[in-house]
Amino acid sequence: MSAIKGISRRSVLKGASAAAAGLAMPMVWTGNRAFGAERITVSDVGGAVGDAIKQAFYLPFEQETGIQVVGVAHDPDPVTQFKLLVDAKSYIWDVAMVTQDHVVRLTTPDNYLEPLNVPAEEAADLLPGMLTDDWMGFSVFGIVMAYRTDTMSEHPPTGWRDYWDSAAFPGRRGLYKSPWGVLEMALIADGVSPKALYPLDVDRAFAKLDEIRPDVAVWWGSGAQNTQTLQNGEVDLSDTWTSRASTAIASGAPVKIVWDGLYSVDGWSIPAGTPRADLAREFVRFCMRPEQQAIYASLSKNGPSNTKAFEHISPEHAAVMPTAQENFQRLGELDSAWWGENYDAMAERFQEWLLLG
């Protein structure tokens, strides 16, 4: 099993504070087409984030190497899909976008991941914990709250206690249809410090969820749906992932992010046994480049893992990323090891709670 290490808050803050002026983010297209007319399929989360990944990684990688990248969207929790394709040796993916807790579940008790074989010297500029034997993190995102300023501007919420106070903060609420992150928000609303969340007091979290359940108008199941509900005013406030709220804001929707919550990291892993593993490794190494991460971060508003990426990101864009110092100091770290060990049990209990509660 891979060692999954947390991100060093000090290192992230240091990298964020190094953000320099300048919008120039050159793509490195050297024209090296040593792999000929090869093709890999990469699964990501789709939506606006998927579009940013395409512009930052897929297209320039194909231009430089000649390796065609076919991007497909996977489920919000891709672990079951990932295991099935490896077990069946039906390699419809060669690379998949996964979080650290997904990696724990994909390596325990059986290993479903190929080694990346990235030399340590190539990872010198990555934040601590962003590269393991079988995972490379490239996207730091926040699990936070967003609200519509057109309906809540006179008395806006400032944290999760306010979300739970539907009398003082009336409005249609959205909430992720999954325990991942939601249990933590319930505990924070109940007064638990983000630094003291783990191991989660699950009974206390579900008791707190009982309080807010009648006020939840939309249980969203994907990032794209979350963005849509914020854009069209279907909800007045909701939990969200920072890139999804940023997409709504970029579309012109009157939405504001409340920086109260957690952070996690998306990265790339390779399914064990794929016959295109070497091509997949070349793609993962390409995604480590600061220039490419800067393009992705500026489009998605997620934080890069390569600290040198900030040299290619404008201060304006850097300021709205989760790794910006002012934002990051308000976010706790989601415990990927805890979720890797407990996700299945929590998912089952959460679905029963939704159906029977």
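All values below come from the heavy atoms of this structure, side chains included, with hydrogens, waters and symmetry mates left out. Bear in mind the structure is a predicted one, so any value in this text is a computation, not a measurement.
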Visitor: Restricting to non-hydrogen atoms, name the atom on Ala48 and the atom on Thr247 that form the minimum distance, rounded to 0.1 Å.
Guide: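 Answer, listing the atom of Ala48 first, then Thr247: CB-OG1, 3.3 Å.
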Visitor: Taking the side chain from Arg213 and the backbone from Trp353, do they hold a donor-acceptor pair closer than 3.5 Å?
Guide: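 Checking the backbone N and O of Trp353 against the side chain of Arg213, a donor-acceptor pair under 3.5 Å is found.
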Visitor: Around Lys83, counting heavy atoms of other residues, nucleotides and ligands shown, do more than 12 lie under 6.0 Å from its NZ?
Guide: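 Count over threshold, so yes.
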Visitor: Using modelled atom types only, decide if a donor and an acceptor are shared between the side chain of Tyr112 and the backbone of Leu106 within a distance under 3.5 Å.
Guide: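 Checked: no pair found.
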Visitor: Please tell me whether Glu184 and Trp339 have a donor and an acceptor in their side chains that are separated by less than 3.5 angstrom.
Guide: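 Yes, a side-chain donor-acceptor pair sits under 3.5 Å.
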Visitor: Compute both the distance and the angle, then confirm whether Arg349 meets the cation-pi test with Phe206: under 6.0 Å from the six-membered ring centre, within 45 degrees of the axis.
Guide: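 Pair Arg349/Phe206 counts as cation-pi.
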Visitor: Ring-plane angle category for Tyr263 and Phe328, please: parallel below 30°, perpendicular beyond 60°, tilted otherwise.
Guide: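 Ring orientation of Tyr263 relative to Phe328: tilted.
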Visitor: Tell me the closest heavy-atom pair linking Asp215 and Arg173, and the distance in Å.
Guide: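 Scanning both residues completely, I find the closest heavy atoms to be O-CB, 3.5 Å.
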Visitor: I need the Gln231 CD to Arg244 CZ distance, nearest 0.5 Å.
Guide: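 So the gap between those two atoms works out to 11.0 Å.
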Visitor: Among the clusters formed by ILVMFWY side chains lying less than 4.5 Å apart, do Ile257 and Val320 turn up in the same one?
Guide: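 No, no single cluster joins them.
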Visitor: Calculate, to the nearest 0.5 Å, the distance between atoms NZ and CZ belonging to Lys308 and Phe310 respectively.
Guide: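 Here the rounded value is 14.5 Å.
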Visitor: Can you list the steps and then say if Asp77 with Arg105 is a salt bridge (Lys or Arg N to Asp or Glu O under 4.0 Å)?
Guide: CA-CA 11 Å; Asp77 180 1; Arg105 293 159 60 201; 3.0 Å; yes
Visitor: Taking all non-hydrogen atoms of both residues, which atom of Trp164 and which atom of Ala186 are closest, and how far apart?
Guide: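 Scanning both residues, the minimum pair turns out to be CH2-CA, 3.5 Å.
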Visitor: Between Lys256 and Pro156, is any pair of side-chain heavy atoms under 4.5 Å apart?
Guide: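 Answer no - side chains too far apart.
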Visitor: What is the distance from atom CD of Glu316 to atom OG of Ser298, rounded to the nearest 0.5 Å?
Guide: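 One gets 10.0 Å once the value is rounded to the nearest 0.5 Å.
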Visitor: Less than 4.5 Å apart, any side-chain heavy atom of Ser178 and any of Tyr343?
Guide: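 The answer is yes; the side chains approach within 4.5 Å.
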Visitor: Using side-chain heavy atoms (C-beta onward) and a distance below 4.5 Å, is Leu209 in contact with Leu183?
Guide: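 Yes, their side chains come closer than 4.5 Å.
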Visitor: Measure the shortest side-chain to side-chain distance between Arg148 and Thr151 over non-hydrogen atoms and say whether it is less than 4.5 angstrom.
Guide: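 Yes, their side chains come closer than 4.5 Å.
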Visitor: Using the rule given for side-chain contact (heavy atoms from CB on, under 4.5 Å), can you reason through Leu197 versus Leu262, listing the C-alpha separation, both sets of side-chain angles and the distance that settles it, and then say yes or no?
Guide: CA-CA 11 Å; Leu197 284 170; Leu262 304 171; 3.9 Å; yes
Visitor: If the condition is ring pair (Phe, Tyr, Trp, His ring centres under 6.0 Å), which residues does Phe82 pass it with, not counting sequence neighbours?
Guide: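 Phe82 satisfies ring pair (Phe, Tyr, Trp, His ring centres under 6.0 Å) with no other residue.
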Visitor: Any non-hydrogen side-chain atom of Val258 less than 4.5 Å from a side-chain atom of Val144?
Guide: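 Sidechains of Val144 and Val258: no contact.
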Visitor: Without hydrogens or angle criteria, can the side chains of Trp160 and Asp239 be said to hold a donor-acceptor pair below 3.5 Å?
Guide: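 No, no side-chain donor-acceptor contact under 3.5 Å.
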Visitor: Do the side chain of Ser153 and the main chain of Asp150 share a donor and acceptor less than 3.5 angstrom apart?
Guide: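 Flag not set: sc Ser153 to bb Asp150 has no pair under 3.5 Å.
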Visitor: Looking at Thr158, Ile188, Ile212, which hits side-chain contact (heavy atoms from CB on, under 4.5 Å) with Tyr163?
Guide: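 Option passing the side-chain contact (heavy atoms from CB on, under 4.5 Å) with Tyr163: Ile212.
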Visitor: Given Trp135, which of Leu131, Asp133, Thr132 fulfils the side-chain contact (heavy atoms from CB on, under 4.5 Å) condition?
Guide: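 Exactly one candidate clears the test, Thr132.
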Visitor: I would like to know whether Tyr296 and Ser139 meet side chain to side chain donor-acceptor pair (under 3.5 Å); could you show each step before the answer?
Guide: CA-CA 9 Å; Tyr296 168 74; Ser139 175; 2.9 Å; yes
Visitor: Under the 3.5 angstrom rule, does the side chain of Thr240 hit a backbone N or O of Thr242 as a donor-acceptor pair?
Guide: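 Checking the backbone N and O of Thr242 against the side chain of Thr240, no donor-acceptor pair under 3.5 Å is found.
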Visitor: Does the side chain of Trp93 reach to within under 4.5 Å of the side chain of Val42, using non-hydrogen atoms?
Guide: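 The answer is no; the side chains never approach within 4.5 Å.
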Visitor: Roughly how far, to the nearest 0.5 Å, is the OG atom of Ser193 from the CG atom of Leu187?
Guide: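 If we round to the nearest 0.5 Å, Leu187:CG and Ser193:OG are 11.5 Å apart.
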Visitor: Would a 4.5 Å heavy-atom cut-off, applied to side chains only, mark Glu62 and Ile67 as touching?
Guide: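 Not touching, per the 4.5 Å side-chain cut-off.
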Visitor: Tell me which donor-acceptor pairs under 3.5 Å the side chains of residues 115-130 have, and how far apart each pair is, sequence neighbours excluded?
Guide:
from, atom 1, to, atom 2, distance (Å)
Glu122, OE1, Arg285, NE, 3.0
Glu122, OE1, Arg285, NH2, 3.2
Glu122, OE2, Arg285, NH2, 2.4

Visitor: Using modelled atom types and a 3.5 Å cut-off, is there a donor and acceptor pairing between side-chain atoms of Asp44 and backbone atoms of Met97?
Guide: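 Answer holds: no.
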Visitor: So Trp180 and Trp241, would you call those rings parallel, tilted or perpendicular, with 30° and 60° as cut-offs?
Guide: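 Answer is perpendicular, since the angle exceeds 60°.
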Visitor: Hey, can you tell me if Trp268 and Tyr58 have their rings parallel, tilted or perpendicular (30° and 60° cut-offs)?
Guide: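 Correct class here is tilted.
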Visitor: Might you work through the ring-ring contact (aromatic ring centres under 6.0 Å, His included) test for Phe138 and Phe57, ending with a clear yes or no?
Guide: CA-CA 11 Å; Phe138 68 92; Phe57 303 124; 5.5 Å; yes
Visitor: Transitively linked via ILVMFWY side-chain contacts under 4.5 Å: Phe61 with Val72?
Guide: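 As far as the 4.5 Å side-chain criterion goes, Val72 and Phe61 are connected within one cluster.
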Visitor: Is the side chain of Asn306 donor-acceptor paired with the backbone N or O of Met288 at a distance under 3.5 Å, no angle test?
Guide: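 Yes: the side chain of Asn306 pairs with the backbone of Met288.
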Visitor: Looking at Asp236 and Arg172, would you say the former's side chain and the latter's main chain have a donor-acceptor pair under 3.5 Å?
Guide: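 Judged by distance alone, yes, a pair lies under 3.5 Å.
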Visitor: To the nearest 0.5 angstrom, please state how far the CG atom of Leu331 sits from the CG atom of Asp260.
Guide: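 Here the interatomic distance stands at 8.0 Å.
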Visitor: Donor-acceptor check, side chain of Asn327 to backbone of Ala319, threshold 3.5 angstrom: yes or no?
Guide: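 Answer holds: yes.
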Visitor: Roughly how far apart are Leu113 CG and Ser269 OG, rounded to 0.5 Å?
Guide: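 Answer for the CG-OG pair, Leu113 versus Ser269, is 4.5 Å.
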Visitor: Kindly give the heavy-atom pair with the smallest separation between Glu114 and Pro271, and that separation in Å.
Guide: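 Where Glu114 meets Pro271 most closely, the heavy atoms are CG-O, 3.3 Å.
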Visitor: Taking Lys208 first and then Asp190, would you say they form a salt bridge - that is, a charged N and a carboxylate O separated by under 4.0 Å?
Guide: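 Salt bridge: yes.
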Visitor: Determine whether a donor-acceptor pair (N or O, by modelled atom type, separation under 3.5 Å) exists between the side chain of His317 and the backbone of Ser314.
Guide: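 Flag not set: sc His317 to bb Ser314 has no pair under 3.5 Å.
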Visitor: For the residue pair Val70 and Arg39, what are the closest heavy atoms and their distance?
Guide: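 What the structure gives for the nearest pair is CG2-CD, 3.5 Å.
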Visitor: Do you know which two heavy atoms are closest between Pro304 and Val140, and how far apart they sit?
Guide: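 Shortest heavy-atom separation between Pro304 and Val140 comes out as O-CG2, 4.3 Å.
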Visitor: Could you please spell out the steps behind the salt bridge (Lys or Arg N to Asp or Glu O under 4.0 Å) verdict for Asp94 and Arg276?
Guide: CA-CA 7 Å; Asp94 301 300; Arg276 294 166 293 277; 2.8 Å; yes
Visitor: Side chain of Gln293, backbone of Ser305: donor and acceptor closer than 3.5 Å?
Guide: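 Yes, the answer is positive, given that a donor and an acceptor are paired below the 3.5 Å cut-off.
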Visitor: Evaluate Glu282 against Thr65 for side-chain contact (heavy atoms from CB on, under 4.5 Å), listing each step before the verdict.
Guide: CA-CA 9 Å; Glu282 289 298 316; Thr65 66; 6.0 Å; no
Visitor: Run Thr99 and Val103 through side-chain contact (heavy atoms from CB on, under 4.5 Å) and show every step you take.
Guide: CA-CA 7 Å; Thr99 61; Val103 171; over 6 Å; no
Visitor: When you compare the side chain of Ile313 with that of Met321, does any pair of heavy atoms fall below 4.5 Å?
Guide: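 Yes, close enough: below the 4.5 Å cut-off.
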